[in-house]
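Below, chains carry the letters A, B, ... as their sequence lines are ordered, and counting in each starts from 1.
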Number of protein chains: 2
Amino acid sequence: MYSETVARPAVSRATLSRVAADASVSISTVSKVLNGRMGVSDSTRARVEELLRDHGYNRRNSGLSVAPLIELVFDAIDSAWAIEIIQGVERISRENGMSVVLTESGDRHSPSPDWIDGVMRRRPAGVILVFSDLSADHKHQLRVRNIPFVIVDPAGDPAPDVPSIGSANWSGGYLATRHLIDLGHRRIATITGPDDMMCSTARLSGYRAALEAAGIKSRDDYIVGGEFHHEDGIVRGRELLSLPDPPTAIFAGSDLQALGVYEAARAMGVSIPDDLSVVGYDDLKIALWAGPPLTTVRQPLTEMAEEATRLVIRLRNDTQVDNLRIDLATSLVVRGSTAKLVTS
Amino acid sequence: MYSETVARPAVSRATLSRVAADASVSISTVSKVLNGRMGVSDSTRARVEELLRDHGYNRRNSGLSVAPLIELVFDAIDSAWAIEIIQGVERISRENGMSVVLTESGDRHSPSPDWIDGVMRRRPAGVILVFSDLSADHKHQLRVRNIPFVIVDPAGDPAPDVPSIGSANWSGGYLATRHLIDLGHRRIATITGPDDMMCSTARLSGYRAALEAAGIKSRDDYIVGGEFHHEDGIVRGRELLSLPDPPTAIFAGSDLQALGVYEAARAMGVSIPDDLSVVGYDDLKIALWAGPPLTTVRQPLTEMAEEATRLVIRLRNDTQVDNLRIDLATSLVVRGSTAKLVTS
DNA sequence: CGGGTACTCCGAAGCGATTCGGTGTCAGGA
DNA sequence: TCCTGACACCGAATCGCTTCGGAGTACCCG
């Protein structure tokens, strides 16, 4: 019966021999499955893995079977963005007696094959992925070993049973655009992030919704895309400002892009905020330091990281965890880069 | 002999029997000590504990005696500064099949007591400290276990046998000041970092040397100190610009400080670079993005981090390593925040 | 001096897990 | 039909560790 495998009393420890007996195989075979050795048929391996999981098998007696480690995986550690996440994860981990293993996967969609081997060796208490998704195989391996994982700001739309921490991207896009509209702007362009990321598309959708609500038709030539980097802000900003009918306001997909727009504007003699209003996204520290200070949508990165860490620890410790998907609120921070449109 | 403790083979795993043999007691006794059971005299317990530590005994499994881990310790992960270091360490570690454990010590002088316990449990291949120094006790513990460590940008003047990676701070200070002198400036102020950090004092010394070489007397009221943060740049910048005889150029101790000076100048209606030239230090990405782009002393942070990682790996693998103290070159990057002094 | 007691420590048994050599099975080829 | 090699799986040996009973020893008290 199903309930039998789930409601295992856990009074007595799970051992290889127990699992072996349940699976009707030898102890050696179970050991091989456990250590990923070859010489086990796929069907047997699957059956044994299933049973290992059901038994909640815990790598050698109950003592210290999991290392006090949290794995933190970035697709790229390439901006001040990452710092805020790292800080949040590190702090909460430390408060819970955990250390942080940091990995740069180099690929947005899945960490390298080597990575999972290292994780299996280290047996961390949990895994936190930023942006990166996991391959089905990796997810399966983690689940078999009972290692919980959480995705921060998931790139695609993750499966419903994958715990994730996000933020209210649609609202962010809406708020930013609405703010510009309230200032009198009508020609409002936006620079988005990559198309395949949910956060980008949600923000774009918020942007469109705000325009529509104000009765402004959205224009395709005012919607340009790129990565979230500074460079993209420069290039796309220049393109937008070179249009025959240039926008009077730009909603950038990130603070870095917004600073790129600053640079493009500077190079073209366009003054911010007099000739052009700019809104960023993220509220990194540099947003405050820019000249003029950047109006931006505050995304609580550190809080998201902290929440993700707490969630992954809860998933490890508690049998039942609610709220597997948490979205934190975004808010608009108005500074000096946006101004009332002066109709000349 | 010194070399004896260093040249521990570390080839085979630590086992109870090995420790027992060394301590001339039975395996059972060691087991009891390990598990805090009674029935062991205080003297024996102390001796066994000592040996367990020396062997780096690490509680069952884990096969190898050293984990493929590099410990990276910051006093504070609080600026874009850290990103560049982290990236460098992570990249080289990964290339060498290592993962990175990141810790924020919260204290510039020595990581918390808990920290060393974690390190001993993990048995990393090496430790990289940024800024933070180590207590004599921690150094001893690491040396006994044959875990090499490297200090990046050492705060104080480290002992001669402590491997370290620095940069040419004196030259950096000299170059920056010289550049300002060459532009015709005579009233050149500087904002330093903390007094107790070697990098600060070396830069200050370079600053003084450049002034002296040009026959300019250094003024005490032009030398102000603070932390390396943005906030300090604002406060100190405002102070300097409020002097009855304000400087026409400021050499800041960091890019963050320099951006703080930008803000102070903006608030006081002082234009950069027309009324005030500013030189930063570090060449973070934001230096390029600032308006105007910041003239700064490039400190090769990523290269320093990479070099530190390579060094720590060499220290682990090779019996003999030369060049325990490496200083990388600094260079001046001239951008838009410095200009010829216009004598009015 | 003899016997009891408390303490320290060891040896052997036993357990969980890994590993290696070996066995059974099955498919393909002569 | 038999041989052969690949593969899946098992059993026994072994390893690392814990535990328990008991031996050795020092000390105290009569």
Requested in this report: Check whether any side-chain N or O of A:Ser31 sits under 4.0 Å from OP1 or OP2 of C:dA17, and answer yes or no.
Outcome: no
Report task. Compute the bend angle of the helix from C:dC1-D:dG30 to C:dA30-D:dT1 from the end axes (five pairs per end), rounded to 10°. Result -> 30°
Taking N or O atoms only and anything under 3.5 Å, show me the protein contacts with nucleotides 9-13 of chain C, one pair per line.
| from | atom 1 | to | atom 2 | distance (Å) |
| --- | --- | --- | --- | --- |
| C:dC9 | OP1 | B:Ser41 | OG | 3.3 |
| C:dC9 | OP1 | B:Thr44 | OG1 | 2.5 |
| C:dC9 | OP2 | B:Ser41 | N | 2.9 |
| C:dC9 | OP2 | B:Ser41 | OG | 3.1 |
| C:dC9 | OP2 | B:Thr44 | OG1 | 3.3 |
| C:dC10 | OP1 | B:Ser26 | N | 3.3 |
| C:dC10 | OP2 | B:Ser26 | N | 2.7 |
| C:dC10 | OP2 | B:Ser26 | OG | 2.9 |
| C:dC10 | OP2 | B:Thr29 | OG1 | 2.6 |
| C:dG11 | N7 | B:Ser28 | OG | 3.3 |
| C:dG11 | O6 | B:Ser28 | OG | 3.1 |

Report task. Applying salt bridge (charged side-chain N to carboxylate O under 4.0 Å, His left out), name anything that partners A:Asp161, two or more places apart in sequence or on another chain. Result -> A:Arg143
Report task. Can you sort out the partners of B:Glu104 under salt bridge (charged side-chain N to carboxylate O under 4.0 Å, His left out), two or more places apart, ordered by chain and number? Result -> A:Arg94
Query - salt bridge (charged side-chain N to carboxylate O under 4.0 Å, His left out) against A:Arg314, all qualifying residues, sequence neighbours excluded - result: none
Report task. Could you pull out all residues at least two apart from B:Pro148 that satisfy side chain to side chain contact (heavy atoms under 4.5 Å, CB included)? Result -> B:Val312, B:Leu315, B:Arg316
Query raised in the report: Which residues pass the side-chain hydrogen bond (donor to acceptor under 3.5 Å, both in side chains) test with B:Thr103, sequence neighbours left out?
Result: none
Report task. Go through the structure and list residues passing side chain to side chain contact (heavy atoms under 4.5 Å, CB included) with B:Thr29, not counting sequence neighbours. Result -> B:Val25, B:Ser26, B:Val40, B:Thr44
Report summary line: B:Ile313 meets the side chain to side chain contact (heavy atoms under 4.5 Å, CB included) criterion, sequence neighbours left out, with B:Ile70, B:Asn96, B:Thr309, B:Asn317
Query raised in the report: Considering residues at least two apart in sequence or located in another chain, which fulfil the side chain to side chain contact (heavy atoms under 4.5 Å, CB included) criterion with A:Glu84?
Result: A:Leu284, A:Lys285, A:Leu301, A:Thr302
Measure all distances between protein nitrogen or oxygen atoms and nitrogen or oxygen atoms of nucleotides 24-27 of chain D, and list the pairs falling under 3.5 Å.
none

Query raised in the report: D:dC9 P sits how many Å from A:Arg47 CZ, rounded?
Result: 8 Å
Query raised in the report: Is any side-chain heavy atom of A:Asp153 less than 4.5 Å from a side-chain heavy atom of A:Trp81?
Result: yes
Query raised in the report: Who pairs with B:Arg47 by salt bridge (charged side-chain N to carboxylate O under 4.0 Å, His left out), at least two apart in sequence or on another chain?
Result: none
